[in-house]
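What follows is a short report on a single structure.
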Amino acid sequence: MQIKITYIFIVSLVLLLNSCTVKPEKNQDDIKSKKTAYIDSLVSSMTLEEKITMVHGINKKDKNGLGYVGYLPGISRLGIPPLRMQNGPSGAGSTFSSHRHLAPATAFPVPIAQSATWNASLIYKVGKVIGIETKAQGRDVLLGPGVNIVRIPEGGRNFEYYSEDPYLSSRFAVSFVNGVQKVGIMACVKHFAANNQDDFRFTINEIIDERTLHEIYLPSFEAAIKEANVASIMAAYNKINGVYCSENSLLLNGIAKGEWGFEGYIMTDWGTRHKTVSAANAGLDIEMSGWGKFGTPQFRDNLANAIKEGEVKETVLDEMVFRVLSEMDRFGLLKEKKKFPEGVLDAKDHRKLAFQVAVEGIVLLKNKNNTLPLDENKLKNIALFGDAMEARVSGTGSSNVVPFYSVSPYNGISDYLKNTKVTYYTDTENIESVEDTGIAIVFIYRPSSEGNDRKSISLEGESGLIERISKKYNKTIVILRTSGSYTMPWIDKVDAVLQAWYPGQEEGNAEAALLFGKENPSAKLPVTFGENRKDFPANLETEFPGVDEKVNYSEGIYVGYRWFEKHNIVPLFAFGHGLSYTTFKYDDLILSDVSSNDDVIIKVSYTITNTGKRDGAEVSQLYLEDIKSSVDRPKKELKGFSKVFLKVGESKKIEHFINKRDLSFWDVTSKSWKAEEGEFNIIIGSTSKDIRLEKRFNYKKH
Ligand code: BGC
């Protein structure tokens with residue numbers, strides 16, 4: 001009896017104490033556990049069949065007869081609405097093929113052009129607008145961003161990705177996801193992982209070592225999860241080290257859900273070759289194989305049976321459904337409605353943003369004797385050649401966007417110039433006979449598409465055309481609309497070159513604004529441009545496109561500029577290169593030891609001054625070099641950048657913070673990031689080759 005009374009007393013005391021010390025964090029926990037209880041109760045009230053409808057995408061049209069790119073039907077009996085998916089990442093309203101043709105939308109410059117802006121806050125705005133337009137089209141999930149690394153210059157989807165560099169790619173992944181999700185649309189980071197080639201993409205087996213995977217191919221996904229809390233991940237088609245990504249337990253349960261703590265859901269790409277039992281047990285949550293031509297829907301046909309046979313536990317399916325519902329709840333699709341901005345398409349500020357991104361994303365590669373900007377007041381005639389009559393809005397495949405309007409180079413330039421005669425020459429046979437010999441602009445277009453890689457990086461016949469024009473004209477300007485690096489045997493014969501990628505619906509307006517100096521170029525290359533194909537990695541067939549459906553990533557961590565620097569290959573245009581109509585001076589590099597402050601080790605600061613005659617923006621880049629290391633490390637690794645707008649004569653102080661992870665490599669022995677003590681070099685460049693400031697510091701563990 002005595003014991004019982006004492007027990008009751010202690011329990012009451014504990015309860016009383018607890019009720020007096022309720023902290024705000026506890027409230028958060030309570031909310032979370034209430035939500036968890038609510039989702040759990042939804043899951044437990046579902047039949048097995050209903051649970052399976054929540055993890056298998058079907059083919060469906062909306063009320064306007066437009067096909068959803070992806071569709072989970074929901075369960076009306078339980079008040080669960082459908083989950084409707086839309087392609088990204090160049091804009092909402094992407095098309096794939098006619099049966100999935102969606103309404104038009106704002107066509108932004110493609111992601112590689114977006115990252116050429118090196119302007120993360122601009123990409124955040126792009127994410128927001130694409131989210132708002134996705135909402136306007138009655139969709140809940142935007143299938144983007146694509147954050148695979150540009151490994152080879154031929155990659156069919158290089159234009160859909162951000163960079164050859166994992167740090168740069170991570171920054172834009174985070175900004176874009178934050179923008180999309182801010183307006184209540186779920187983002188989906190894809191294709192997890194290493195979908196770096198499109199030839200044989202459904203079956204290719206990529207042999208990638210563990211360190212390379214962690215240092216190069218995974219960081220953008222990790223950042224989207226840890227820093228932007230992305231709602232979903234799309235598994236890639238390919239195999240990594242013998243296992244399809246959609247049934248790869250090391251990637252899904254191991255790295256994404258385990259190591260990184262991902263709480264959202266993982267879906268397949270459309271029609272992956274996963275098998276029911278291995279995929280469900282590996283951590284795949286949804287299959288999107290609802291399209292007949294993409295093979296048999298495994299979960300739909302086999303999951304119930306696998307559960308009955310005990311090959312997959314029903315608790316595994318419960319968790320799959322739980323993850324989908326939790327995200328639906330977070331985005332206000334279930335009981336609790338949340339306030340997000342209304343959806344709207346083609347608004348004025350969307351058009352303005354598309355223009356701004358195009359302007360900031362077009363890279364001035366060459367500008368001999370300040371050929372550009374052209375002075376419109378002194379210009380009587382201007383001759384346009386090549387592909388000038390059509391805007392090259394985007395690449396092709398699932399990310400293609402049909403814009404409400406687009407501005408071709410010809411229209412953009414003609415509208416801009418009031419007193420100059422603009423002549424477009426269709427007949428390039430007779431260049432030698434044209435009378436006008438002043439200024440020629442040659443427009444080059446090379447398409448690139450999902451589904452296959454480009455066969456070559458040569459412009460072939462068009463290189464000859466450029467040379468013939470350059471012989472005839474006083475000044476020849478070349479504008480390249482390509483997805484990346486092409487060989488330029490004519491480079492010394494022309495006066496100026498602009499890399500415009502696929503610049504979206506505002507192409508012509510943006511090009512005119514840059515050509516005539518209304519805007520000052522500020523873009524820089526997010527990928528290295530090589531002189532020849534052999535300058536790049538993966539020159540053997542076993543390395544690309546692979547032999548017997550197997551491809552060796554034998555270059556390891558040496559991708560992009562890491563490769564060029566290691567092998568002392570001089571690039572045609574370096575990673576981070578891009579000219580301006582003004583000049584910038586860098587000075588006062590100061591490194592301050594702030595290692596007592598949590599994870600941050602060094603604060604880096606320096607000043608940039610606009611020393612030229614025009615206002616403009618400069619992208620400065622911070623590279624790190626580990627002077628002595630127990631493993632082979634790249635000569636430079638990008639660990640920071642900044643874009644700063646400066647008026648003529650103006651100076652601004654730039655700051656970066658370097659943390660322990662920035663100093664680290666992936667240590668395969670301890671299976672963790674490792675920062676070794678010793679000397680590191682901080683390198684500040686205007687490009688990866690044009691180094692302006694450098695200073696060393698000694699890292700000591702505390
Ligand atoms: C692509 C994905 C796309 C999906 C839906 C796939 O072929 O790889 O990026 O989101 O189709 O269209």
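We're numbering straight along the sequence, starting at 1. As the structure lists them, so they are numbered: ligands from 1, and atoms in each ligand from 1.
- Listed by number with element, the atoms of ligand 1 under 4.0 Å from a non-hydrogen atom of V69 are 5 (C), 12 (O).
- Numbered from 1 in the order shown, with element, the atoms of ligand 1 that lie under 4.0 Å from a heavy atom of R157 read 1 (C), 2 (C), 8 (O), 9 (O).
- Listed by number with element, the atoms of ligand 1 under 4.0 Å from a non-hydrogen atom of R201 are 7 (O), 8 (O).
- Note on ligand 1: E160 sits outside its first shell, no heavy atom being nearer than 4.0 Å.
- A donor-acceptor pair is defined here as one N or O able to donate and one able to accept, closer than 3.5 Å; such a pair exists between the side chain of T268 and the backbone of M288.
- Aromatic ring pairs are classed by plane angle as parallel below 30°, tilted from 30° to 60° and perpendicular above 60°; the pair F340 and F331 is parallel.
- If you number the atoms of ligand 1 from 1 as listed, the ones under 4.0 Å from a heavy atom of K190 come out as 2 (C), 3 (C), 9 (O), 10 (O).
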Practice problem: Could you check K455 against D199 for salt bridge (Lys or Arg N to Asp or Glu O under 4.0 Å), going step by step and ending with a plain yes or no? | Solution: CA-CA 10 Å; K455 296 291 159 253; D199 284 352; 3.6 Å; yes
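- Cation-pi check for K239 over Y244 is met; the charged atom lies under 6.0 angstrom from the ring centroid and within 45 degrees of its normal.
- Distances below 4.0 Å separate heavy atoms of S398 from the following atoms of ligand 1: 1 (C), 2 (C), 3 (C), 9 (O), 12 (O).
- Taking every non-hydrogen atom of L143 and a distance limit under 4.0 Å, the qualifying atoms of ligand 1 come out as 10 (O).
- The side chain of N87, and not its backbone, has at least one atom closer than 4.0 Å to an atom of ligand 1 (non-hydrogen atoms only; side chain from C-beta on).
- Under the 3.5 Å distance criterion, with hydrogens and angles disregarded, no donor-acceptor pair is assigned to the side chains of Q298 and E287.
- The aromatic rings of F172 and Y162 are tilted relative to each other, their planes meeting at an angle between 30° and 60°.
- Between N158 atom CG and N196 atom CG the span is 8.5 Å, to the nearest 0.5 Å.
- Looking at M85, H191, Q86 and measuring to atom 9 (O) of ligand 1, the nearest heavy atom belongs to H191.
- Residue M288 places no heavy atom under 4.0 Å from ligand 1.
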